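Contents: one structure, followed by commentary.
Small disclaimer: the values here were computed from a predicted structure and weren't measured.
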Amino acid sequence: EMCIRDSPYWSFPQVEPRALETSFGLPSGHTQKATAIWATMAVSFRKTWLWVLSIIMIIMIALSRIYLGVHFLSDVLTGLLISTLFLVLYLKLETPLVNWAKRQSPWVIFLFSLITCLIPILVAAAIRNANTGWQIPPGWLVTDIAPFSLEGILTINGSLFGMLTGYVWIMRSGGFQTRGNAFQLVLRYVVGVAGMLAIRYGLKFLFPESTDLLGYSLRFIRYGLIGLWLTALAPFLFIKLKISRKSRRTE
């Protein structure tokens with residue numbers, strides 16, 4: 001989302017914004033994320049009803065960004081194209097990467113995940129530093145924007161790093177069963193959401209939010225812990241609370 005392209009309401013007074021956007025318009029980040037999530041689920045589970053639902057959700061989310069006045073049609077189409085290309089790449093690389101990861105020690109995977117998640121952040125930081133003199137062009141109708149903010153990319157990649165690390169740990173510890181009775185499922189949901197909120201807002205209160213190296217590092221750590229909670233710490237707690245079990249025995 002670092003391409004310098006305005007949102008419709010930034011430069012066209014006749015467009016009434018129904019939402020606020022602080023980053024550049026091209027590509028549409030919401031369309032990218034919707035395509036990535038729903039298309040990946042459809043490809044993974046291969047259910048006709050899920051394919052239909054996924055297509056509907058992607059189209060509706062893309063159209064909603066235009067309706068809200070925060071993206072042009074070209075923005076959502078570009079977001080759709082980028083996510084589709086990444087999905088194709090994911091499908092081609094998933095099996096080789098999984099097979100490679102199975103042969104590696106947890107520390108190798110930890111470092112690989114960390115480097116993979118830091119690269120986009122470093123690229124975004126380089127782009128921001130190269131545009132320190134950028135000013136809002138004459139004619140734009142907005143002032144409350146932060147198009148070169150690193151918060152979003154830190155959030156995404158911090159969460160991804162924690163999720164990857166946690167997934168490797170929990171699977172090598174025996175995994176956990178996702179099935180359960182209604183009581184177990186509800187209790188897992190409550191505990192899982194409560195833990196995620198505690199980490200997100202508890203550490204937000206403790207960690208200073210600043211736009212320097214310390215603030216950005218703490219943000220990466222906070223969302224890394226959220227990702228770790230989702231894929232490892234919460235399942236581990238479910239097993240200890242006896243509302244889930246390991247999916248297999250470990251030696």
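Under the 3.5 Å distance criterion, the side-chain polar atoms of S64 are matched with a main-chain donor or acceptor of I61. Judged by distance alone, the side chain of Q184 and the main-chain N or O of N181 form a donor-acceptor pair under 3.5 Å. Side-chain atoms of R200 do not come within 3.5 Å of backbone N or O of I226 as any donor-acceptor pair. Under the 3.5 Å distance criterion, the side-chain polar atoms of T22 are left unmatched by any main-chain donor or acceptor of P147. In this structure, R219 contributes its side chain and G158 its backbone to no donor-acceptor pair below 3.5 Å. One N or O on the side chain of S244 and one on the backbone of Q177 form a donor-acceptor pair closer than 3.5 Å.
When the side chains of ILVMFWY residues are joined at heavy-atom separations under 4.5 Å, either directly or via intervening members, L111 and F220 end up in a single hydrophobic cluster. A chain of hydrophobic side-chain contacts below 4.5 Å, direct or via other Ile, Leu, Val, Met, Phe, Trp or Tyr residues, connects L187 to M196. Note on L77: it does not cluster hydrophobically with L26, by side-chain heavy-atom contacts below 4.5 Å among ILVMFWY residues. With hydrophobic clusters built from ILVMFWY side chains whose heavy atoms lie under 4.5 angstrom apart, L185 does not share a cluster with Y189. Connection of F12 to V142 is established within a shared hydrophobic cluster, with ILVMFWY side chains joined at heavy-atom distances below 4.5 Å, either directly or through further cluster members.
Rounded to the nearest 0.5 Å, atoms CD1 (I239) and CZ (F176) are 7.5 Å apart. The distance from the OG atom of S7 to the CG atom of L141 is 11.5 Å, given to the nearest 0.5 Å. A distance of 14.0 Å separates CE in M163 from OH in Y223, rounded to the nearest 0.5 Å. Annotation: the span from L225 atom CG to F161 atom CZ amounts to 10.0 Å, rounded to 0.5 Å. Atom CG of L237 and atom CD1 of I243 lie 7.0 Å apart (nearest 0.5 Å). For the atom pair CG of L85 and OG1 of T35, the computed distance is 11.0 Å after rounding to the nearest 0.5 Å.
Between P120 and N157, the closest heavy-atom pair is CG-OD1, 3.6 Å.
Annotation: side chain of F238 is in contact with side chain of V191 (closest heavy-atom distance under 4.5 Å). Under the 4.5 Å side-chain criterion, counting only non-hydrogen atoms from C-beta, I55 is in contact with I59. In this structure, R222 and E209 have side chains that are in contact, with non-hydrogen atoms separated by less than 4.5 Å. Considering only heavy atoms from C-beta on, F24 comes within 4.5 Å of W10 through its side chain. Inter-residue side-chain proximity for W140 and S11 is flagged as met; some heavy-atom pair is nearer than 4.5 Å. Side-chain atoms of D6 and F72, non-hydrogen and from C-beta on, do get closer than 4.5 Å to each other. Looking at Y9 and E21, their side chains come closer than 4.5 Å, going by heavy atoms from C-beta outward. With contacts defined as side-chain heavy-atom distances shorter than 4.5 Å, the pair V43/Y90 does not qualify.
Remark: S74 pairs with R5 by the side-chain hydrogen bond (donor to acceptor under 3.5 Å, both in side chains) rule, at least two apart or across chains.
Atom CZ of F110 has more than 12 heavy atoms from other residues, nucleotides or ligands within 6.0 Å. Applying the 6.0 Å contact sphere to CD of Q135 captures no more than 12 heavy atoms from other residues, nucleotides or ligands. Within a 6.0 Å sphere centred on CZ of R18, heavy atoms belonging to other residues, nucleotides or ligands number more than 12.
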